[in-house]
Amino acid sequence: MRILVIGKGGREHAIIWALKKSASIAHIYCAPGNAGIAELAECVPIKESEFQQIAQFALDYAIDLVVVGPDDPLADGIVDVLEERGVPVFGPRKNAAIIEGSKVFTKDLLKKYNIPTAAYESFEDYDAAIAYVRRQGAPIVIKADGLAAGKGVIVAQTLEEAEQALKEIMVDKVFGKSGSQVVIEEFLQGQEMSILSFVDGDVVRPMVPSQDHKQVFDGDKGPNTGGMGTYSPLPHIAQSVIDEAIETIIKPTAEAMVKEGRPFRGVLFAGLMITKDGPKTIEFNARFGDPETQVVLSLLETDLIDIFLATINGRLKDMDIRWSDESAVCVILASGGYPGSYPKGIPIHGLDEVQESVVFHAGTALKDGQVVTDGGRVLGVTARGATIEEARAKAYADAERIRFEGMQYRKDIALKALL
Ligand code: AMP
Ligand code: GLY
């Protein structure tokens with residue numbers, strides 16, 4: 001089989017690493033890929049946004065399946081374009097990817113079907129939004145409606161912060177069109193949990209749960225990022241709570257999408273808060289998480305290509321999907337300055353000294369044969385162990401072997417599981 005993966009991050013590196021274990025795959029291409037992906041797959045210089053070129057490549061190279069990693073092409077309808085041209089593809093169509101692409105859509109869906117989530121109101125009018133936050137008070141959460149590279153959510157601790165966020169989103173338009181509407185919602189307290197599921201319509205097959213670390217600094221301090229590290233599973237969260245989230249949130253949401261005429265096919269990612277009143281939805285994404293995928297696929301014991309094919313061919317329900325009972329931890333090594341501005345092109349040293357981890361490349365490139373930084377999140381050092389403690393120790397030992405100027409990483413990934 002010949003596979004084409006779309007994307008260039010750590011998530012796509014992990015997907016390709018998992019697919020590589022399959023005996024039935026002859027060749028993997030990646031558009032556009034990165035320096036780490038280039039060691040496992042043939043990278044082709046087509047951008048994620050060039051749907052017609054991707055379709056043409058898939059037809060010319062007799063690709064058996066295209067797997068789409070990132071949110072932007074899914075929200076913009078890449079799956080519809082590929083399907084129209086007869087290319088088999090794993091991922092949701094545009095009318096289902098809206099579950100990530102519009103927070104207003106998703107909040108309204110959850111309300112309509114009584115699925116637990118934070119109380120909210122949505123606004124197009126700036127003055128009305130300001131009046132609402134003044135009535136509600138802080139802490140309060142402000143969300144730009146559309147995609148904003150993981151930065152469109154502001155958890156405001158004070159009224160001033162909330163008003164500032166509304167001004168930036170609605171008046172200064174820092175996220176462009178994504179900010180023409182906002183959702184303002186109740187601040188939820190509790191442990192966060194991510195559950196990714198393979199979904200085909202109302203068939204939901206959850207993966208092992210994981211937890212991300214969104215803020216850039218230790219102790220959950222500093223601004224939000226795309227994710228600074230993950231671990232799986234979550235030994236400190238009872239299985240009954242995980243089951244409750246699946247039964248009261250994830251399955252009803254997949255069923256609601258079918259009822260709305262928007263059946264979801266692909267990976268549905270539920271971001272959840274475990275509150276004292278039970279699990280509540282923070283958000284849904286229409287794709288694998290990054291860096292959740294790095295730990296989750298590290299624990300997958302079933303052939304990933306078989307799961308993808310079962311999902312698109314109506315056989316997901318009967319698929320035997322097995323997970324290791326070990327643990328996995330991923331520590332993200334980021335560029336100095338991230339999530340603000342950061343330099344690129346800095347040489348990375350020590351990759352060949354890594355001993356017990358798999359290093360998934362997120363933002364790297366090759367320059368004159370040297371691996372250099374090429375993004376905010378640069379590498380995801382990922383290790384498995386019998387326990388979280390063991391996986392964590394291995395990942396940090398290897399993280400210390402890698403060096404580049406300005407490199408920063410959190411030292412407390414997975415500590416919440418050990419308290
Ligand atoms: P999102 O981009 O929707 O995942 O939001 C980014 C982060 O903001 C989440 O991972 C949470 O840590 C936080 N967050 C989002 N919504 C809420 C909420 N209603 N209450 C508290 N924290 C939230
Ligand atoms: N790690 C969070 C995300 O992929 O959106």
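In this chain, residues are counted from 1 in sequence order. Keep in mind the model is a prediction, meaning the values are calculated, not measured. Every number for a ligand or one of its atoms is a count from 1 in the order of the listing.
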When you compare the side chain of [Y] with that of [X], does any pair of heavy atoms fall below 4.5 Å?
X      : Y      : result
Leu110 : Phe284 : yes
Met319 : Asp306 : yes
Ile307 : Thr302 : yes
Glu100 : Leu74  : no

* **Residue pair Tyr132 / Asp127, side-chain donor-acceptor N/O under 3.5 Å** =>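 Side-chain D/A pair, Tyr132 to Asp127: absent.
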
Distance filter under 4.0 Å to [X] heavy atoms, resulting ligand 1 atoms:
X      : answer
Glu185 : 16 (N), 17 (C), 18 (C), 19 (N)
Glu283 : 1 (P), 2 (O), 3 (O), 4 (O)
Lys103 : 3 (O)
Met273 : 21 (C), 22 (N)
Asn224 : 6 (C), 7 (C), 8 (O)

Where is the nearest protein heavy atom to [atom]: which residue, which atom, and how far?
atom                    : answer
atom 5 (O) of ligand 2  : Arg287 NH2, 2.8 Å
atom 15 (C) of ligand 1 : Ile282 CG2, 3.3 Å
atom 8 (O) of ligand 1  : Val153 CG1, 3.6 Å
atom 14 (N) of ligand 1 : Val155 CG2, 3.9 Å
atom 11 (C) of ligand 1 : Glu192 OE2, 3.1 Å

* To do: Ignoring angles and geometry beyond distance, decide whether Gly226 reaches within less than 3.5 Å of ligand 2 through its nitrogen or oxygen atoms.
  =>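 Indeed, backbone or side chain, Gly226 has an N or O that close.
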
Considering all heavy atoms, the nearest [X]-[Y] contact:
X      : Y      : answer
Ala365 : Ala35  : C-CB, 3.7 Å
Thr364 : Val378 : CG2-O, 3.6 Å
Glu48  : Pro73  : O-CB, 3.7 Å

* To do: Give the contacting part of Thr230 toward ligand 2: side chain, backbone, both or neither, where contact means a heavy-atom distance below 4.0 Å.
  =>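 The answer is neither; Thr230 stays 4.0 Å or more away.
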
* For ligand 2, which part of Glu292 has a heavy atom less than 4.0 Å away: the side chain, the backbone, both, or neither? ->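 Side chain only.
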
* Asked: Between the candidates Thr293, Asp212, Asp290, which shows the shortest non-hydrogen contact distance to atom 4 (O) of ligand 2?
  ->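 Answer by nearest heavy atom: Asp290.
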
* Asp220 and Arg410 ion-paired at < 4.0 Å ->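 Looking at Asp220 and Arg410, the cut-off is met.
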
* Asked: Below 4.0 Å from any atom of ligand 2, is there a heavy atom belonging to Gly271?
  ->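 Contact check Gly271 vs ligand 2: negative.
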
* Asked: Taking non-hydrogen atoms only, is Asp212 closer than 4.0 angstrom to ligand 1 via side chain, backbone, both or neither?
  ->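 For Asp212, there is no contact with ligand 1 at all, from either part.
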
* Which of the atoms in ligand 2, numbered in the order shown and given with their element, are less than 4.0 Å from a heavy-atom of Asn285? ->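 Listed by number with element, the hits are 5 (O).
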
* Report yes or no: does Lys143 have a heavy atom closer than 4.0 Å to ligand 1? =>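 Checking ligand 1 against Lys143, which is what was asked, there is a heavy-atom contact under 4.0 Å.
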
* To do: Using modelled atom types only, decide if a donor and an acceptor are shared between the side chain of Asp412 and the backbone of Gly219 within a distance under 3.5 Å.
  =>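 Present.
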
* Would you say ligand 1 has an N or O under 3.5 Å from any N or O of Leu188? ->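 Yes - when backbone and side-chain N and O of Leu188 are compared with those of ligand 1, one distance drops under 3.5 Å.
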
* Asked: Do the numbers put Lys411 on top of the ring of Phe217, so that NZ or CZ is under 6.0 Å from the six-membered ring centre and no more than 45° off the axis?
  ->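 No, cation not above the ring by the 6.0 Å, 45° rule.
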
